[in-house]
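Order of appearance sets the numbers: ligands from 1, and atoms from 1 within every ligand.
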Amino acid sequence: MGSLSCRHIYKYYKGEQRPAVKDFNLEVSEGEFLVLVGPSGCGKSTMLRMIAGLEPISEGDLYIGERYVNYVSPKNRDISMVFQNYALYPNLSVYENIALGLKLRKVAKHEVELKVNRTAKILEISHLLDRLPSQLSGGQKQRVALGRAIVREPQVFLMDEPLSNLDAKLRAQTRAEIMKLHSQLKTTTVYVTHDQTEAMTMGTRIVVMKDGEVQQVAPPQIMYDHPRNLFVAGFIGSPQMNFIPGAVTRREDSYCFETKRILWELPQRYVPSLKSAASNLRQVVLGIRPEHIGADVETRNKYPCGITAGKIEMIELMGSDTFLFVNIGESTVIVRTEAGSSHAIGDQTEIAFRLDRIHLFDAEQGGSLTSQGVTGL
Ligand SMILES: Nc1ncnc2c1ncn2[C@@H]1O[C@H](COP(=O)(O)OP(=O)(O)O)[C@@H](O)[C@H]1O
Ligand SMILES: [Mg+2]
């Protein structure tokens, strides 16, 4: 059983007032590829190291499969860990590096040979087995580190930013390789990264953390479409979600979003959640993704939209898309348009916000007023 169960886990480092990890509560099912993501210092490595047994758990219970492992030493937890800095032994060959864990476990020589060769084949590093780590590129080193983790056939893989030392191209390539590997081996994996793109593309589920606390747990698309709070909304997605501070006001049976320059009546479907959020006038932040704002007539004709005037300040050509940076008075919003659109810097234009795709967040607490009741939150 390769499942993992974290029950109300806390980590207090000596001499620190605030916990580095607070009430981390999560069930990871067998075969899952779970990604822990969040900004630097939010407690990701601490959490992973507690799962690995490299760091004592201050409070809470940890199970791997059915087994309670709080006090089990790292080498007896049946996990393998892959680090950012590869941690290869410089004076051992690639073969020896991969074989070491098995040898320490007194696995028979012919079996070690069989397993190392099979692993090398999966990772396409068979031709490198005689080399020393110093004779490898960064990407090759990381593949050897993966090999060392795989060869032991553990119940759980733990990976802490394994791609951070690679350049962008190699990172994308190795990311794809890790996913391919996971689809072959189906080993339960907890993968740590600060990079939301990695989280979105790799995770079967994502856990977003901030200041030691879990913000949301959800599959990537649900996280993207229904962020629970302002932090998650701003963290997941690139370019970032646009935010416009304003107020929600009530007009008889409908609600409006209002700023100095904007007055939009909100679609009826938001009424129940806004009603339950009570109070007549409420400071909010409206969030909308760049792909849900249009600078063309088509958007307006197809969807319920709020319209406002703006001026194009900057244009970013991405090849497949074009991003317009449009100043709408109190703020500048990013609009994603198709490549080859005919806009120019300095143009005055009307832009259309799809009101069916907006998010409203409580300005003070940051909680979403519009994604309540969505499953997976
Ligand atoms: N050994 C340690 N002693 C004291 N504080 C630590 C130690 N390791 C990490 N921390 C603190 O715990 C918090 C979480 O760190 P870490 O888990 O490394 O974050 P992340 O991996 O998300 O960047 C940070 O504030 C960090 O400074
Ligand atoms: Mg870390």
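Using bins of under 30°, 30° to 60° and over 60° for the plane-to-plane angle, the ring pair W264/F353 lands in the tilted bin. Classified by interplanar angle (parallel below 30°, tilted 30° to 60°, perpendicular above 60°), the ring pair Y71/Y68 is perpendicular.
Atoms of ligand 1 lying under 4.0 Å from at least one heavy atom of T46, given by number and element, are 14 (C), 15 (O), 16 (P), 17 (O).
By the definition of a contact as any protein heavy atom under 4.0 Å away, atom 14 (C) of ligand 1 is in contact. Less than 4.0 angstrom separates atom 27 (O) of ligand 1 from none of the non-hydrogen atoms of the protein.
Between L128 and V144 the shortest side-chain heavy-atom distance does not fall below 4.5 Å. Residues E198 and Y191 form a side-chain contact, since some pair of their non-hydrogen atoms from C-beta on lies under 4.5 Å apart. Residues L324 and T337 have side chains in contact (heavy-atom distance under 4.5 Å, counting atoms from C-beta outward).
Given atom 18 (O) of ligand 1, the protein heavy atom at minimum distance is S45 CB, 3.8 Å. Regarding atom 5 (N) of ligand 1, its nearest protein heavy-atom neighbour is Y13 CD1, 3.3 Å. Among all non-hydrogen protein atoms, the one lying nearest atom 20 (P) of ligand 1 is G41 N, 3.5 Å. Protein heavy atom in closest approach to atom 19 (O) of ligand 1: G43 N, 3.2 Å.
The Mg ion (ligand 2) has no N, O or S atom of S40 under 2.8 Å away, backbone or side chain.
Using modelled atom types, one side-chain atom of R148 and one backbone atom of Y86 make a donor-acceptor pair closer than 3.5 Å.
Note: no N/O pair closer than 3.5 Å links E55 and ligand 1 by distance alone. Considering backbone and side-chain N/O of A20, none are found under 3.5 Å from N/O of ligand 1.
In terms of hydrophobic clustering, with Ile, Leu, Val, Met, Phe, Trp and Tyr side chains grouped at heavy-atom distances under 4.5 Å, V151 and L185 are assigned to a common cluster.
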